[in-house]
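Following: one structure in structure tokens, then a few remarks.
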Amino acid sequence: MVSPNVCLNSSMLVTPSPLFLTPLFHTLTVLPNTIKPPTPKLSSSSFHSLSVSAVPTKVDTTVRIAEIEDLPNFDFKVYMLHKAHTVNKALDAAIALRDPEKIHKAMRYSLLAGGKRVRPILCIAACELVGGDEATAIPAACAVEMIHTMSLIHDDLPCMDNDDLRRGKPTNHKVFGEDVAVLAGDALLAFAFEHVAMATEGVSPTRVVRAIGELAKSIGGEGLVAGQVVDLDSEGASNVGLERLEFIHVHKTAVLLEAAVVLGAIMGGGSDEEVEKLRKFARCIGLLFQVVDDILDVTKTSEELGKTAGKDLVADKVTYPKLLGIHESKEFAEKLLQEAKEQLFGFDPRKAAPLFALTNYIAYRQS
């Protein structure tokens with residue numbers, strides 16, 4: 001049985017503080033001028049092989065993280081609003097309303113329905129962290145959001161999670177019918193790859209092909225689809241433990257967040273070492289995202305979430321609160337939060353500020 005400490009050595013971390021006691025936006029995040037980090041060498045892409053062997057003492061870890069979050073010059077709320085606006089404009093331009101109008105309306109309905117845009121912003125932030133710029137990352141960032149939207153459209157279908165509400169609006173199949181909803185998701189999936197291939201500028205063909213391969217792997221039979229299948233098979237099952245739950249969440253949720261970060265690093269010209277370090281960071285925040293999602297599902301209302309609350313309980317799905325309880329789930333989330341931040345040491349601290357703040361946002365979000 002895999003324990004909920006697969007991403008880190010919990011003995012090296014301080015006692016976690018309760019989640020959800022901090023405001024949603026940590027608007028003032030400051031980085032020191034210099035950071036002397038551990039630089040763990042990563043040699044495998046397996047999630048289970050990712051353990052921290054070069055983390056210093058728990059006191060040093062706590063001090064360095066506190067130093068990074070102490071500082072004046074980064075307004076996260078402004079950053080998020082600016083980047084989300086840029087992404088929304090790019091998505092709107094990428095999928096214009098054209099013939100056949102019905103399918104493009106359905107695609108745009110879900111793609112432009114709002115949302116936090118965490119994945120595309122992670123892609124942009126990772127690109128900028130390794131020396132790239134926003135324009136270079138935008139096609140890949142949009143592609144990740146198109147695929148994420150596809151997954152939501154399909155996930156909401158009656159044959160899957162059977163949900164009527166998404167981002168505070170009726171789900172796609174409730175508006176356009178199941179047949180068009182399926183096709184809208186298929187069209188978004190196909191166009192995502194076309195968009196990366198055709199719209200990316202200033203990046204070598206080798207890197208573009210590498211990025212497309214990463215994206216494809218993240219959603220296929222070894223990625224998002226694998227997680228969805230195991231999730232469906234696990235509904236109502238009495239023998240689902242932490243190992244299977246972790247598999248579901250790593251594949252169904254974390255893998256696309258990982259793809260967003262890795263694509264940004266590749267497009268930005270990151271070295272292999274930088275890409276792999278950011279991959280580990282992304283896997284931690286990806287699992288963190290889902291643990292928090294599980295907690296919110298049983299602690300918030302549908303109105304607060306913008307989607308149906310308590311649906312996992314109704315569907316008899318296994319979740320972290322169901323297996324661990326709310327308190328231990330929050331402790332696990334806090335450990336993942338600490339571990340994710342550790343992976344950002346060694347990068348330019350000011351360029352890393354958005355990813356530090358995004359990590360806090362994922363941990364402390366309320367919807």
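Note that these values count all heavy atoms, side chains included, but never hydrogens, waters or copies made by symmetry.
The backbone N or O of S271 sits less than 3.5 Å from a side-chain atom of E274, completing a donor-acceptor pair. For the pair R119 (side chain) and I147 (backbone), a donor-acceptor distance under 3.5 Å is absent. Under the 3.5 Å distance criterion, the side-chain polar atoms of D297 are left unmatched by any main-chain donor or acceptor of D293.
A continuous path of ILVMFWY side-chain contacts below 4.5 Å connects M150 to L183, so both sit in one hydrophobic cluster. With hydrophobic clusters built from ILVMFWY side chains whose heavy atoms lie under 4.5 angstrom apart, L337 shares a cluster with I121.
Between the side chains of R166 and S110, not a single donor N or O lies within less than 3.5 Å of an accepting N or O. For D231 and S234, the side-chain atoms include no donor-acceptor pair closer than 3.5 Å.
Here the side chains of E246 and L242 are not in contact, with every heavy-atom distance at 4.5 Å or above.
Here CE of M267 is found 7.5 Å from SG of C123. Values are rounded to the nearest 0.5 Å. Taking CG of L91 as the start and OG1 of T149 as the end, the distance is 7.5 Å to the nearest 0.5 Å.
Using a 4.0 Å cut-off between charged side-chain N and carboxylate O, D294 and K322 make no salt bridge.
Judged by the 6.0 Å and 45° rule, K252 forms no cation-pi pair with F247.
In this structure, H249 has its ring center closer than 6.0 angstrom to the ring center of Y320.
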Start with the C-alpha gap between V118 and R365, add the side-chain angles, then the distance that decides, and say whether side chain to side chain contact (heavy atoms under 4.5 Å, CB included) holds.
CA-CA 11 Å; V118 169; R365 65 196 173 93; over 6 Å; no
Pair I103-F176, side chain to side chain contact (heavy atoms under 4.5 Å, CB included): steps then yes or no:
CA-CA 9 Å; I103 190 64; F176 296 96; over 6 Å; no
Could you walk me through whether V230 and H251 pass side chain to side chain contact (heavy atoms under 4.5 Å, CB included), step by step?
CA-CA 9 Å; V230 176; H251 290 78; over 6 Å; no
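Using cut-offs of 30° and 60° on the angle between ring planes, the pair F76 and F74 is tilted.
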